[in-house]
Protein chains: 2
Amino acid sequence: MGFAIDRHSPVPAWQQLASQLRAHIATLAPQDMIPSTQELVKETGLAIGTIQKAVSALKAEGLVYAVSGRGTFKR
Amino acid sequence: MGFAIDRHSPVPAWQQLASQLRAHIATLAPQDMIPSTQELVKETGLAIGTIQKAVSALKAEGLVYAVSGRGTFKR
DNA sequence: ATGCATTTGTTCGTATGTATG
DNA sequence: GCATACATACGAACAAATGCA
């Protein structure tokens, strides 16, 4: 997938990730799953909390919805 | 102010606080400041992160806006 | 039905950075 | 310079829901 964070950027890591996720989600069909928190931790090297903050933003935007125990999906 | 969290409630602490803050904010005038993160920590006994999550929700709702170094205010 | 692995959700605590007055 | 206040980021633990063997 290639999510990469520039840690020297003035843009916060969670915002960078949120932007990249938005671009990825744009390529998906509704009900498609986005990478799990753990996958994103591995890919980006960010802490869990930082991943959650990025994904929370997308949920707040109504771009995705989460189902506990299953995953997070494009709306 | 009297923000009190019921730790046995099934409702998450951050949601309880967000609800109580909404009620408090309803009594304020625009540009009035809400309690600082540290004040809320003292009043509620919750961790900083939990306070921030509650206030973030209110920001996402457009109910308040934050100015770093000054405080968080009713919109 | 039981148990396990996966995944999201909540909460805690800490440290550091940045902005304001 | 200093105190206050919000913002970012880290790491950890536990709970709850889901799906599958």
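A, B, ... follow the sequence lines: proteins, then strands. Residue 1 opens every chain.
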| said: According to ring pair (Phe, Tyr, Trp, His ring centres under 6.0 Å), does anything in residues 30-59 of chain A pair up with another residue at least two apart or in another chain? List the pairs. | reply: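 Sorted result for residues 30-59 of chain A: empty, none.
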| request: Can you tell me which residue pairs pass the ring pair (Phe, Tyr, Trp, His ring centres under 6.0 Å) test with a partner in residues 30-64 of chain A, sequence neighbours excluded? | output: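 Non-adjacent pairs meeting ring pair (Phe, Tyr, Trp, His ring centres under 6.0 Å): zero.
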| Is A:Val11 isolated, or which residues cluster with it under the ILVMFWY side-chain rule of less than 4.5 Å, directly or via members? | none
| Reading DNA chain D 5' to 3', which nucleotide is the first, and which the last, to come under 4.0 Å of any heavy atom in chain B? | D:dT4 to D:dT8
Output all residues satisfying side-chain contact (heavy atoms from CB on, under 4.5 Å) with [X], sequence neighbours left out; order by chain, then residue number.
X: B:Lys74; value: B:Ile25, B:Leu28
X: B:Arg70; value: B:Val67, B:Phe73
X: A:Thr72; value: A:Ile34, A:Val55, A:Val64, A:Ala66

| field | Within residues 37-47 of chain B or reaching into it, pairs that qualify as salt bridge (Lys or Arg N to Asp or Glu O under 4.0 Å) - sequence neighbours excluded | value |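 Qualifying pairs: none.
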| query | side-chain hydrogen bond (donor to acceptor under 3.5 Å, both in side chains) with A:Arg22: which residues, sequence neighbours excluded? | reply | A:Glu61
| field | Qualifying side-chain hydrogen bond (donor to acceptor under 3.5 Å, both in side chains) pairs, either residue in residues 2-15 of chain B, two or more places apart | value | none
| query | Roughly how many Å is it from OH in B:Tyr65 to C1' in C:dT20, rounded to a whole number? | reply | 14 Å
| field | Between C:dG17 (P) and A:Gln15 (CD): distance, integer Å | value | 19 Å
| Heavy atoms under 4.0 Å, any strand shown: does A:Ile48 hit a base, just sugar-phosphate, or nothing? |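 It contacts nothing in the nucleic acid.
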Listing time: all N or O pairs from protein to nucleotides 7-9 of chain C that are below 3.5 Å?
| from | atom 1 | to | atom 2 | distance (Å) |
| --- | --- | --- | --- | --- |
| C:dT7 | O2 | A:Gly69 | N | 3.2 |
| C:dT8 | OP1 | A:Thr72 | OG1 | 3.4 |
| C:dT8 | OP2 | A:Thr37 | N | 2.9 |
| C:dT8 | OP2 | A:Thr37 | OG1 | 3.0 |
| C:dT8 | O2 | A:Ser68 | OG | 3.2 |
| C:dG9 | OP1 | A:Lys59 | NZ | 3.3 |
| C:dG9 | OP2 | A:Lys59 | NZ | 2.7 |

| B:Leu58 to B:Ala18 - nearest heavy-atom pair and separation |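 Scanning both residues completely, I find the closest heavy atoms to be CD2-O, 4.0 Å.
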| field | Angle between terminal axes - the helix from C:dT2-D:dA21 to C:dG21-D:dC2, 5 pairs each end, rounded to 10° | value | 10°
